[in-house]
Each structure stands twice: as structure tokens, then as C-alpha cells.
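Just so we're on the same page: letters track the sequence lines, and every chain starts at 1.
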Number of protein chains: 2
Amino acid sequence: MATDSTPASPRAEHADGFSGKRAAEIAGITYRQLDYWARTDLVRPSMAQASGSGSRRLYSYRDLLELRAVKSLLDAGIRLELVREVFSYLTVQLDEDVTRVNLVISGTSVMVRTGEEEIVDLLRHGQGVLNILPLSGVKEQVDARIVELYPEGRRVAGRAPADEYADKRIGRAASL
Amino acid sequence: MATDSTPASPRAEHADGFSGKRAAEIAGITYRQLDYWARTDLVRPSMAQASGSGSRRLYSYRDLLELRAVKSLLDAGIRLELVREVFSYLTVQLDEDVTRVNLVISGTSVMVRTGEEEIVDLLRHGQGVLNILPLSGVKEQVDARIVELYPEGRRVAGRAPADEYADKRIGRAASL
DNA sequence: GTGATGAGTCACAGGGCTGTAGTTCCACCG
DNA sequence: CGGTGGAACTACAGCCCTGTGACTCATCAC
């Protein structure tokens with residue numbers, strides 16, 4: 001990771017990571033929320049955990065995406081409890097192909113979907129409420145916010161070319 | 001019964017309304033929840049409000065649909081706070097044409113939609129999380145539950161023929 | 001009148017924060 | 001090397017929301 005040579009995107013500029021305070025600013029949450037989430041294991045800084053007063057948390061770019069995704073879900077009126085369930089699956093996945101994917105939450109079952117058609121299928125056959133979060137939006141927001149808050153003169157280019165996308169079911173919790 | 005002459009569906013049998021206890025059973029919630037919701041103005045019995053100890057609440061069939069819709073949203077991990085917002089708009093609408101309609105919640109904006117195509121549009125252009133609740137499911141569940149819990153020998157038939165369906169935006173809250 | 005039913009009330013629990021007052025670590029200065 | 005300042009984490013109290021349990025109390029049917 002540290003020896004990363006990928007070009008482009010605000011991502012590359014900050015291989016050194018983001019402080020707790022900055023992460024909160026970029027994700028658009030309060031510091032207290034960030035702290036609470038870290039202490040309760042919802043989103044933890046993957047580059048450096050806190051280890052007592054005076055230590056520093058260090059969030060990776062990917063962590064920022066998670067923080068922002070959590071905030072989006074919260075803004076949409078979803079209970080933190082469900083968000084926790086979702087992310088306990090999601091953490092495994094959610095890599096670089098985040099850009100064109102939709103996160104679909106049906107009850108406690110979570111999926112990553114690309115095509116709109118398949119989502120329509122879900123709609124047609126689905127019983128419960130469907131929560132759909134376009135992860136692309138999350139990435140865009142984070143990138144925009146980084147540039148906005150910390151322009152730092154450094155190079156900021158377009159994103160890398162698209163890869164293949166496929167639908168993946170990433171988890172399913174016990175039924176209600 | 002009363003002066004109602006509509007045929008079919010468990011609806012017709014209970015023009016006299018449902019007691020609080022029954023309403024809770026049918027909706028699949030606890031009596032305490034029903035009580036709390038009534039006292040905090042989320043779903044109130046439209047046929048008879050409580051007016052002191054010893055009085056009785058009376059819920060209409062339509063109230064049952066609301067109760068069940070609230071429960072569905074809750075089960076889907078949505079915060080009661082958002083549900084309140086949604087229903088403050090929804091209460092105006094939500095009539096008999098509930099059967100083929102989807103309730104779409106995007107942020108704090110609420111819509112009733114029929115065609116899947118239009119939902120796809122929302123997906124494609126939408127920024128935030130979309131919560132989609134098929135109201136048809138709600139009605140089916142309520143009907144099934146009534147028959148299941150109170151078969152009462154009375155006639156129970158299929159539902160009335162379809163009417164026209166149209167998309168209607170029913171409300172939009174202040175932006176975040 | 002009597003008892004069952006169901007609304008009213010109160011206290012309290014758990015989740016999700018928020019505010020504030022520490023604490024600790026680190027960098028920098030001399 | 002010791003002192004100083006500041007950034008960031010921690011501890012803890014407290015608030016609001018959503019119930020829940022346990023009673024109490026008013027009605028109604030008999």
C-alpha cells in the first residue's frame with residue numbers, strides 16, 4: 001500500500017493517511033461521531049488505531065469511503081444498527097471497483113449490483129423494503145471534498161479506466 | 001357493516017373498526033408500540049381517539065395499512081424519525097389504489113410510483129439512498145393476517161378490479 | 001356491583017450521540 | 001536536555017428517542 005504507484009485521483013496524494021479530524025471533515029461528520037464509531041468498531045482507522053490519549057488515528061482513503069457511505073445511509077434515515085450489519089459484510093468487499101456499483105440492502109441481506117435491470121427484478125419480486133445506495137456517489141463526494149478542503153497544489157487528475165463489473169452477493173444475515 | 005356496501009376483502013367486514021389490541025396483533029407490533037405511536041401522534045386511530053382511562057381506541061382498516069407500513073419500514077432498519085416524516089405526507093394519500101404502488105423515499109422526499117421504469121430512472125439519476133416499499137405487500141399482509149386471526153366465518157373474497165394508476169409525488173420535506 | 005379490558009402514568013433501560021474536562025504524546029525552542 | 005504548547009484521544013456525565021414493564025384507573029358488559 002505505502003509503496004503504491006497508482007496515478008491520478010486524490011487517493012494517491014494521501015498514502016500517508018488522514019488524521020481523525022480531517023477524516024471527519026471530509027466525510028462530513030462530527031469528530032464525536034467519528035470517535036464514537038471508532039470506539040464502537042463501526043469504522044476504524046485501518047492505518048493506525050488510537051492507543052491512549054495523545055496517540056493518533058490514521059484513516060486510509062478507503063476508510064473515508066466507508067465513513068461517507070455510513071453517513072449516506074444515516075442521512076437516508078437508516079438506523080445505525082442496520083448500518084453496522086451491512087458493514088460487517090461490506091468491509092470484506094468494497095475495493096477499487098466502487099465507482100459504478102449500487103449497494104442494495106433488503107432487510108438484513110446485502111448485495112452489490114451493477115445493472116439497473118437486476119434491481120428492477122428485485123423490485124418486482126421483493127417483499128420488504130429495498131435500500132439502494134449508489135457507491136459511485138460516495139466516491140465522488142469524498143474526492144470532491146478532499147480537493148475542496150485540501151487543494152494542496154498537488155496533482156489531481158481523472159480516475160483510472162473502468163474494469164469489469166459483476167454482481168456479487170456479499171452477505172446475508174439471519175432472517176428476522 | 002354499517003352503511004357500507006362494498007363487496008369483498010376483509011376490509012368490508014370490519015367497518016366497525018378494530019380495537020387497539022386487535023390492530024396491534026394484525027399489524028404485528030406490540031400493544032405498547034401501538035400505544036406509544038398513538039400518544040406520540042405517529043398513527044392515531046381515525047375512528048375513535050382515546051379520551052382518558054377506560055375509553056377505547058378504534059382503528060380503521062386504513063389505519064391498519066399504515067401501522068403495517070410503519071412496521072415494514074422499521075423492520076427494514078429505518079429510523080422512526082424518518083418514518084414520522086414520511087407519514088406526515090403519506091397520511092393525506094394512501095387510499096384504495098394501494099395495491100400496485102410502490103412507496104419511494106429518497107432522503108426526506110416521498111413519492112408513490114407505479115411503473116418499474118420510473119424507479120429505474122430514479123436509480124440512475126438519484127444521489128442519495130432510495131428506500132422502496134411495495135404497498136401491495138403491506139395490504140396483502142394485513143389482509144392475510146385478518147383472515148388468519150379472525151376468520152369469523154364471514155365471506156372473504158378476492159379484491160376489486162384494478163383502477164387506473166398514476167405516479168404522484170405526495171410530498172417533499174425541507175432539504176438537509 | 002363486579003370483573004375484564006384497555007388507556008394513562010411513571011420509571012427506567014439501551015442506543016447514539018454531544019460537551020467538557022482531562023491526558024498523553026510530539027514537536028519545537030532554547 | 002527540559003520546558004512549553006498544541007493537537008488529538010479518553011472518560012464521563014447528560015440528553016433525547018423509542019420503547020417496555022408494572023401499576024393504576026376509568027368504562028362497559030353482565
Side-chain angles (χ1 to χ4, degrees), chain A residues 16-59 63-64 67 70-88 108 149-150 176, chain B residues 16-59 63 66-67 69-88 149-150 176:
Chain A
D16 42 326
F18 303 80
S19 71
K21 200 187 175 200
R22 289 197 160 188
E25 283 171 2
I26 294 167
I29 59 177
T30 66
Y31 177 77
R32 306 305 288 106
Q33 275 180 299
L34 181 106
D35 179 44
Y36 178 70
W37 295 355
R39 280 183 297 108
T40 55
D41 257 29
L42 175 55
V43 182
R44 298 213 279 161
S46 54
M47 300 181 68
Q49 308 279 331
S51 55
S53 281
S55 65
R56 272 109 208 265
R57 297 193 179 101
L58 216 49
Y59 289 83
D63 293 335
L64 296 187
L67 289 172
V70 169
K71 174 161 174 58
S72 295
L73 258 2
L74 247 36
D75 285 349
I78 292 172
R79 270 178 289 152
L80 199 62
E81 186 191 348
L82 177 60
V83 177
R84 281 184 201 282
E85 284 175 42
V86 168
F87 276 77
S88 62
T108 45
L149 292 174
Y150 311 105
L176 297 178
Chain B
D16 41 326
F18 303 80
S19 71
K21 197 184 177 200
R22 288 197 161 187
E25 284 171 3
I26 293 167
I29 59 179
T30 65
Y31 176 78
R32 305 306 287 106
Q33 274 180 301
L34 182 106
D35 180 43
Y36 178 69
W37 295 356
R39 279 183 298 104
T40 56
D41 257 30
L42 175 56
V43 181
R44 298 211 279 161
S46 54
M47 300 181 67
Q49 308 278 332
S51 56
S53 276
S55 66
R56 271 108 210 266
R57 297 192 180 103
L58 216 50
Y59 289 83
D63 293 335
E66 277 199 39
L67 289 172
V70 170
K71 171 153 176 63
S72 294
L73 257 3
L74 247 36
D75 285 350
I78 291 171
R79 269 177 290 145
L80 198 62
E81 187 190 348
L82 176 62
V83 177
R84 283 184 200 280
E85 285 176 41
V86 168
F87 277 77
S88 62
L149 293 174
Y150 311 106
L176 298 176

> So, is A/Tyr36 near the phosphate of C/dG16, with a side-chain N or O under 4.0 Å from OP1 or OP2?
Replying inline: yes
> What pairs with B/Ser55 under side-chain hydrogen bond (donor to acceptor under 3.5 Å, both in side chains), at least two apart in sequence or on another chain?
Replying inline: none
> What is the distance from CD of A/Gln33 to C1' of C/dT18, rounded to the nearest Å?
Replying inline: 10 Å
> In whole angstrom, what separates B/Leu73's CG from D/dT18's C1'?
Replying inline: 16 Å
>> If the condition is side-chain contact (heavy atoms from CB on, under 4.5 Å), which residues does A/Thr30 pass it with, not counting sequence neighbours?
In response: A/Arg32, A/Gln33
> Along nucleotides 2-14 of chain D, 5' to 3', which nucleotides get a B, which get an S, and which get a -, given that the test is a protein heavy-atom distance under 4.0 Å?
Replying inline: -----BBBBBB--
> Rounding to a whole Å, what distance do you find between B/Arg22:CZ and C/dT5:C1'?
Replying inline: 13 Å
>> A/Arg56: which residues meet the side-chain contact (heavy atoms from CB on, under 4.5 Å) condition with it, sequence neighbours left out?
In response: none
> Among C/dT18, D/dT18, C/dG16, which nucleotide sits nearest the side chain of A/Thr30?
Replying inline: C/dT18
> So, does A/Arg79 use its side chain to make a donor-acceptor pair with the main chain of B/Leu80 at under 3.5 Å?
Replying inline: no
>> Can you see if the side chain of B/Trp37 gets near the phosphate of D/dG19 - specifically, an N or O under 4.0 Å from OP1 or OP2?
In response: yes
> Could you state the CG-P distance from B/Leu74 to D/dT18, rounded to the nearest angstrom?
Replying inline: 9 Å
>> Holding to side-chain hydrogen bond (donor to acceptor under 3.5 Å, both in side chains), I want the full list of residues that pass it with A/Arg44, two or more places apart in sequence or in another chain.
In response: A/Asp41, A/Gln49
> Any sub-3.5 Å donor-acceptor pair from A/Arg57's side-chain atoms to A/Ala23's backbone N or O?
Replying inline: no
> To the nearest angstrom, how far is A/Arg84 atom CZ from C/dG14 atom P?
Replying inline: 16 Å
>> Nearest whole Å is fine: how far is C/dG15 C1' from B/Glu81 CD?
In response: 14 Å
> In whole angstrom, what separates B/Arg44's CZ from C/dG8's P?
Replying inline: 11 Å
> How close or far is atom C1' of D/dC17 from atom CG of B/Asp41, stated in whole angstroms?
Replying inline: 16 Å
> Who pairs with A/Ser46 by side-chain hydrogen bond (donor to acceptor under 3.5 Å, both in side chains), at least two apart in sequence or on another chain?
Replying inline: A/Ser60, A/Asp63
